[in-house]
Number of protein chains: 2
Amino acid sequence: MPSLVRYPDRGDPILPEFVPNGDRTIDRNQISEMIIAKLSRRNSLDAEDHLAIRGLSMDFRHHFASSYLVREGQPPSRCAFLVEGYAYRQKLTIDGHRTICSLEVPGDFVDLQNIYLRESDHDVLALTDVISVDIPVAEMRVLAETAPAVGRAMWVDGLIEGAIFREWLLNIGRRNARSRVAHILCEFSTRLQAAGLAPELTADLPMTQEQLGDALGLTSVHVNRILRTMEAEGLVTRGKRQITITDWQGIRRVATFNPRYLHLHQEQPGKVVKNR
Amino acid sequence: MPSLVRYPDRGDPILPEFVPNGDRTIDRNQISEMIIAKLSRRNSLDAEDHLAIRGLSMDFRHHFASSYLVREGQPPSRCAFLVEGYAYRQKLTIDGHRTICSLEVPGDFVDLQNIYLRESDHDVLALTDVISVDIPVAEMRVLAETAPAVGRAMWVDGLIEGAIFREWLLNIGRRNARSRVAHILCEFSTRLQAAGLAPELTADLPMTQEQLGDALGLTSVHVNRILRTMEAEGLVTRGKRQITITDWQGIRRVATFNPRYLHLHQEQPGKVVKNR
DNA sequence: TGCCTACCACAACATTTGTTAAATATACAG
DNA sequence: CTGTATATTTAACAAATGTTGTGGTAGGCA
């Protein structure tokens with residue numbers, strides 16, 4: 001059992017107001033195209049589908065690192081699409097232990113399940129500073145049901161998420177600490193690359209050792225032990241709140257990583273049947 | 001790390017031929033109604049939906065305990081619906097360690113994800129003797145797409161499955177062995193009751209201690225230790241390949257079980273929008 | 001500038017859980 | 001009945017991982 005840590009609630013209320021992103025402007029059109037790209041990855045969408053997506057209401061939000069995007073138990077009214085930055089989901093036991101049960105990268109819908117589940121069973125937090133667009137749940141539902149190919153793409157997205165959860169269960173349940181750490185690095189970098197967000201397979205994972213521990217069922221102390229030896233072996237380099245793979249093949253070997261479960265490179269079988 | 005165990009492949013080929021269930025006859029109509037009941041649990045279906053479900057091709061199969069229903073890597077052509085008996089999913093590491101990542105009870109679709117994912121990332125095995133009906137994947141796909149309310153029910157089914165995976169991650173990652181064992185008992189009995197398969201919350205879980213260990217990230221030896229003390233405390237009774245809860249409140253306390261993640265008692269929001 | 005906080009490093013020690021191996025039950029098949 | 005396979009029980013021991021606590025460093029902020 002890891003030490004019981006109180007995770008401070010550094011939620012939105014105590015944070016300063018919305019801060020627009022100074023470096024570059026992001027507009028609605030760009031986001032629509034991001035969403036279209038995401039949902040087309042395994043599924044072709046037609047012009048009408050594109051139109052429906054472009055018609056969604058979008059509400060930009062900036063979240064500081066460690067703030068909540070979704071809270072457990074809340075009846076959610078909006079669905080967040082990650083535009084910039086990383087997020088994660090967490091669940092807490094009654095006695096305050098935390099598990100981080102997934103990582104989300106730009107281009108991920110963070111809580112598609114809220115379209116059909118009435119209350120969230122977990123929290124979603126910003127890992128880094130995050131820009132998201134919020135879309136009303138009701139619109140997403142209508143989109144899914146009137147544009148079947150889009151609905152199907154969202155469904156498939158959830159299926160792959162499920163496959164990732166299963167792999168994490170294997171990771172935490174049956175791999176030793178060293179392999180677990182290696183595995184999360186492999187997965188993260190592979191997903192980043194697949195999403196076109198990184199040219200190389202050298203993840204730059206901006207997590208604290210405590211967060212890493214919570215994602216892997218370990219304590220931060222033990223994660224520290226593992227990372228130090230990995231660095232000594234030349235597998236990774238590290239900074240504060242950040243880990244970088246320097247020897248992909250080595251890390252991959254330690255993790256016994258097989259990306260099959262990510263279901264990349266899968267076109268979908270069959271054409272979408274439109275109406276009955 | 002648990003001992004490396006070779007799980008014998010006692011798959012269908014070496015087993016005797018299909019043995020029809022002597023005790024009672026099961027017919028197509030009955031199964032259709034089971035499927036309709038399952039998919040109506042959180043979603044109302046109309047007469048047309050019912051008709052579509054009744055029109056599915058169904059192929060009865062009997063699986064002996066420990067035989068495979070689905071194998072990792074196979075491109076699946078059929079979707080199994082569990083009629084009788086229990087099944088489980090497993091994933092293996094390259095070096096032969098196993099994790100059991102879910103339990104399936106009668107009324108569950110065992111591999112709905114195969115509708116849209118081209119190869120399975122895990123195995124499905126019969127925990128007890130099982131009767132299933134197999135439905136061609138292509139028909140399921142057409143059903144989902146032509147009967148939107150049915151598709152939506154299948155989608156929701158997958159969402160809840162995802163919620164269960166997340167809870168298992170919390171369980172294995174952050175609860176001690178004793179709570180883990182208690183938690184799986186709570187979940188199983190709650191699901192059985194919710195599915196109308198058991199009047200009481202006293203699960204009768206027909207798993208070996210080794211299987212239990214694989215589902216909880218523990219070794220069978222340690223599961224044995226836990227179960228013995230639980231029996232001594234009057235929380236459970238046991239037989240070979242079977243555990244029964246005798247003190248529900250006690251077990252629940254040990255597990256710190258909160259069934260929110262099962263999303264029982266959820267009617268779905270909104271009417272299904274039919275066509276565009 | 002200097003304080004505060006978050007994060008990381010590290011050590012000594014404690015505990016849970018895993019390992020190995022053998023003995024004992026129990027069910028089933030012949 | 002008897003043999004065989006499967007499952008459980010148990011013990012002695014080993015190892016991985018958790019616990020506690022202290023100190024260090026970097027960066028944000030007053």
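Numbered from 1 within each chain, the chains take letters A, B, ... in sequence-line order. The structure presented is a predicted model; accordingly, all values stated were derived computationally and were not measured.
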Quick one: [X] [atom1] to [N] [atom2], roughly how many Å, whole number?
| X | N | atom1 | atom2 | value |
| --- | --- | --- | --- | --- |
| H222(A) | dA16(D) | NE2 | C1' | 6 Å |
| L212(B) | dT9(D) | CG | P | 12 Å |
| R238(B) | dT6(D) | CZ | P | 21 Å |
| D214(B) | dA7(D) | CG | C1' | 14 Å |
| I243(A) | dC7(C) | CD1 | P | 13 Å |
| M207(B) | dT8(D) | CE | P | 11 Å |
| I226(A) | dA16(D) | CD1 | P | 10 Å |
| R178(A) | dT17(D) | CZ | P | 11 Å |

Side chain to side chain donor-acceptor pair (under 3.5 Å) evaluation trace for R225(B) with H222(B): CA-CA 5 Å; R225(B) 289 196 268 251; H222(B) 200 57; 2.9 Å; yes
Using 30° and 60° as the class limits, which term best fits the ring planes of F257(B) and W248(B): parallel, tilted or perpendicular? perpendicular
N/O-N/O pairs, protein side and nucleotides 23-30 of chain C side, under 3.5 Å:
residue : atom : partner : partner atom : Å
dT26(C) : O2   : K240(B) : NZ           : 3.4

Can you figure out which of [options] approaches the side chain of [X] most closely?
| X | options | result |
| --- | --- | --- |
| L218(B) | dT10(D), dT17(C), dT17(D) | dT17(C) |
| R228(B) | dT9(D), dC8(C), dT17(D) | dT9(D) |
| T208(B) | dT17(C), dT9(D), dT8(D) | dT8(D) |

Are [X] and [Y] ion-paired here, with the side-chain N under 4.0 Å from a carboxylate O?
| X | Y | value |
| --- | --- | --- |
| D111(A) | R78(A) | no |
| R89(A) | E104(A) | yes |
| R260(A) | E167(A) | no |

Least distance between heavy atoms, Q90(A) atom then H122(A) atom: O-CB, 3.3 Å
Hey, which of these two, R225(B) or G239(B), hits DNA chain D nearer its 5' end, going by closest nucleotide? G239(B)
OP1, OP2 of dT6(D) versus side-chain N and O of Q209(B): anything below 4.0 Å? no
Below 4.0 angstrom from OP1 or OP2 of dT8(D), is there any side-chain N or O of N224(B)? no
Ring centres under 6.0 angstrom apart (F60(A), H62(A)): no
Just checking G217(A): base, sugar-phosphate only, or nothing, at a heavy-atom cut-off of under 4.0 Å? sugar-phosphate
Could you say whether Q242(A) or V221(A) is positioned toward the 5' end of DNA chain C, judged by the nucleotide with the nearest heavy atom to each? Q242(A)
